[in-house]
Amino acid sequence: MTVGVREQPNGAGSPRPRPGARPGLVGWLTGLAVLAGVGYRLWMLLHAAPPTNSDEATMGLAALHIARGEGFPVWFYGQQYMGTLEAYLAAPVFAVAGGPSLLGLRLPTLALYALFLLLTWRLTLRLTGDRWFGLLVVALLALGSDRIVKNQLIAGGGYPEMNAAAAALAVLAVDLATGRPERRSADTWRPGWRLARWATWGFLAGLMLWVDPLVLPYVAAIGAVLVGFCRRELWGAAGALLGAAAALGAAPLLLHSLLTGRNPLHAVLAAGGANASAGWADRLHGGLVLGPPLGMGFCSPGRCATWQLWWALVLPLLLVLVGVAAWRALRTPDPGPVAPGAVSPQVVAAIRLALVLAAVATIGAYTVSSSAGLTPVESSRYLSCLLISLPALLWPVWTVARHGLGRSGTGRHGIGSTLTRSVAVVALAAALGTAAHATWRAAETVPATRAAEARHSELVSTLRQLGVRHVRAGYWTCNRLTFASAEQVVCAVVDDTLRPGFDRYPAYRREVDGAAAPAWVAPAGSPLAEVLDERQRVSPGSLDLVTIEGWRIYLPR
C-alpha cells in the first residue's frame, strides 16, 4: 500500500487468475510486448549490433577453449573477478555450430533477457495483481536504449545474467515467504516443491557471488526478507539445503580462493576505481545525475541530453515514497492466513522495501566509486540492476494515474487529486516516450555497426589470404581479431609506442614472440598507425603496407 493512495481491488493480497483462464486483451498485448522486445534484440544480433569489442571476444575465446576441452577458466581472462558463466553457456552453442561466432556467443544472453522479461512480469503480478500494470512494465523493459541493449546482449561478463537471477530470487522469495509453513497456505505448502525452491534460491545466490558482485545488494536485501519471514524454517532442513546449494553455486570462487589464497574483493575494489581519484562533484554528477537515466535506458547512445535527465529528479522521490509506504505497511499487524494463490500484504511490503533498499545501495556504491566521476557514460552499466526495482518504483505512479489520491466528500475527485493524477499520467508517458526515443536512436546506429563489422570481417579474410598467422596490434584489436579468426590469427597487444601491452591470455604473446616475423595491424588513422607509418618513412622498405577500408596491415620483409 502506498502513502495516500487508495488500494485497487485487484492489488496485492488478491488471488491469482484462475488456471486455464483466457488471457484476454491484456494477455495478448503483454505477449506481443514480449515478442517485440525479444524480436528487436534478435534483429540487432543478426546485424552484429550492438558493436562488439575485445573484452567480449575474450569471453568468446574462453567459450571456445571450453568447447574444445582446452581449459575451464574460473575468471574472465586477465583478472581475478567476474565469473565466466557466459562462456560456459556459449560453449555448447559453439560445439553444436562447429565453431565460434558472435551470434553464437550472444544467443545465451538473448535467452537470459527473455527470461528476465518473463520473471519481472511474474514478479509484478505477484506484487500487484494488476495485469495492465504488468503490461506497462513489460513494455518499458521491451524497449532498449544503447546502454540497455549493451548490458543485456554483450557477453562481456556478468551483466546479462544478473537481472534474470535477481528477478528469479525475488519471485522465489515471494512464494517462500507467503507459503511459509506456519501460514499453511494450501496452494503453496508442498514440502517437496518448497525444498526445491530453497535449493534454487541458494544456488542462484551463490552463483551470482561468483559471476558478479554488482547484484549482491539485491541478493542481500531479498535474502533479508526470507530471514525475516522464515527464520524458524531456516534452522532446519531448508536452511541446510539453502547453504549447501549456495556453496555449490559459488564453488568456482570458493575453490579458486582456497587454492590460490587470493581475495576477489580486492580486484573488485580496484576495478571500481579504488586505485584512482575523482572529485566528489564529478562523482555526484556521474552517480546521481547522469547514472540513473543512462543506466535505466532513457538516454541516446553515448550521451544524455538535458531533457533526458528528468529521471534523475524523479527517481529519488519514488525511492522515498515507495520506501516509506512499504515500511508503514510492514509495521501493520499481520492479517493472518491469505487465500490460496494470494500474496500476504506484509510480504508485498517487505519485497518492495527490499527492492528500494537494494536500489539505494546500488546507486550509493556507484556514486562513491571513482568510476562515476572518471567514466560516467561507460560505467553507468554498473547501474543495470536498477531495472529489477522498476515494478516497485512505478507502482505508486500507476496507482495515482488510475485512481488519484482519493475522493472528496462530494464523491468527486478533488482539484489536488486531479492535478496529481495528471502529473502521474505525464510521468508514465514521459517514461515510455523517453525510452522509446532512446530505443529509436539506438536502432539508428545499427547500419554503421553492421558496416564496421563487415570491414572487420574483410580484415580477417585479408590476413588469411596473406597467410598471416601472427600479428601485433592494440588492445581493442587483438582478442577481437583472434576470436573472429577462431585463433587462426593470434595477436599480442602493443601500446601506441610499440611496447608490449596488456595481454589477457598470455599464451598468445608467447606464441607471437616466438614467431619469425609477426605483422602489425592498426585501425586507419589511429595513433598506432601513425607510429608505424613513421617507421616506414624512417626505414624505407622495412615494411610492406596493405590497406583495406578502415585498416592498415604492415608486413615485415
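Sequence positions, counted from 1, serve as the residue numbers for this chain. Note: hydrogens, waters and symmetry copies are ignored here, and every other heavy atom, side chains too, is used.
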Reported CG-to-CH2 distance for the pair D55 and W476, which is rounded to 0.5 angstrom: 4.0 Å
Electrostatic pair R455:E458 at N-O distance under 4.0 angstrom: no
Exam field: side chain D503 to backbone A492, donor-acceptor pair closer than 3.5 Å: no
Distance (rounded to the nearest 0.5 Å) between T120 OG1 and N163 CG: 7.5 Å
Neighbour count above 12 (heavy atom, 6.0 Å) for E70 CD: yes
Main-chain N/O of L153 paired with T109 side-chain donor or acceptor, under 3.5 Å: yes
Under 3.5 Å: donor-acceptor pair, side chain of Y382, backbone of G295: no
R352 side chain vs L127 backbone, donor-acceptor pair below 3.5 Å: yes
Donor-acceptor side-chain pairing of T434 and W311 below 3.5 angstrom: no
Donor-acceptor under 3.5 Å (T367 side chain, L284 main chain): no
Test log, rule side-chain contact (heavy atoms from CB on, under 4.5 Å), inputs W551 and H456: CA-CA 8 Å; W551 295 95; H456 191 269; 3.8 Å; yes
Worked verdict on C299 versus R147 for side-chain contact (heavy atoms from CB on, under 4.5 Å): CA-CA 8 Å; C299 291; R147 181 70 269 164; over 6 Å; no
Approximate separation, where rounding is to 0.5 Å, of Y505 OH and L61 CG: 8.5 Å
Residue pair V489 / V460, side-chain heavy-atom distance below 4.5 Å: no
From R381 atom CZ to Y366 atom OH, the distance as rounded to the nearest 0.5 Å: 9.0 Å
Test log, rule side-chain hydrogen bond (donor to acceptor under 3.5 Å, both in side chains), inputs S369 and R283: CA-CA 7 Å; S369 72; R283 296 188 196 194; over 6 Å; no
Side chain W75, main chain Y81, donor-acceptor under 3.5 Å: no
Donor-acceptor under 3.5 Å (R464 side chain, S485 main chain): yes
Nearest non-hydrogen partners of A33 and A142, listed with the distance: O-CB, 3.5 Å
For the student: nearest non-hydrogen atoms of R126 and V348, plus distance: O-CG2, 4.2 Å
Heavy-atom closest pair, residues A155 and E56: N-OE2, 3.0 Å
Derivation of the side-chain contact (heavy atoms from CB on, under 4.5 Å) call for L85 and W210: CA-CA 9 Å; L85 178 61; W210 167 51; 4.1 Å; yes
For the student: nearest non-hydrogen atoms of V149 and P50, plus distance: O-CG, 4.0 Å
Gap between atom OG of S145 and atom NE2 of H437 - 0.5 Å precision: 12.0 Å
Shortest non-hydrogen contact from L112 toward P160: CB-O, 3.8 Å
Whether S389 side chain and V356 backbone form a donor-acceptor pair below 3.5 Å: no
Chi angles and distances behind the side-chain contact (heavy atoms from CB on, under 4.5 Å) call for M296, L390: CA-CA 9 Å; M296 298 187 74; L390 205 59; 3.9 Å; yes
Separation between NE2 of H47 and CD of E453, rounded to the nearest 0.5 Å: 12.5 Å
Minimal non-hydrogen separation, A359 against L319, with atom names: CB-CD2, 4.0 Å
Chi angles and distances behind the side-chain hydrogen bond (donor to acceptor under 3.5 Å, both in side chains) call for Q308, S300: CA-CA 8 Å; Q308 294 171 317; S300 303; 3.1 Å; yes
Y218 side chain vs C385 backbone, donor-acceptor pair below 3.5 Å: yes
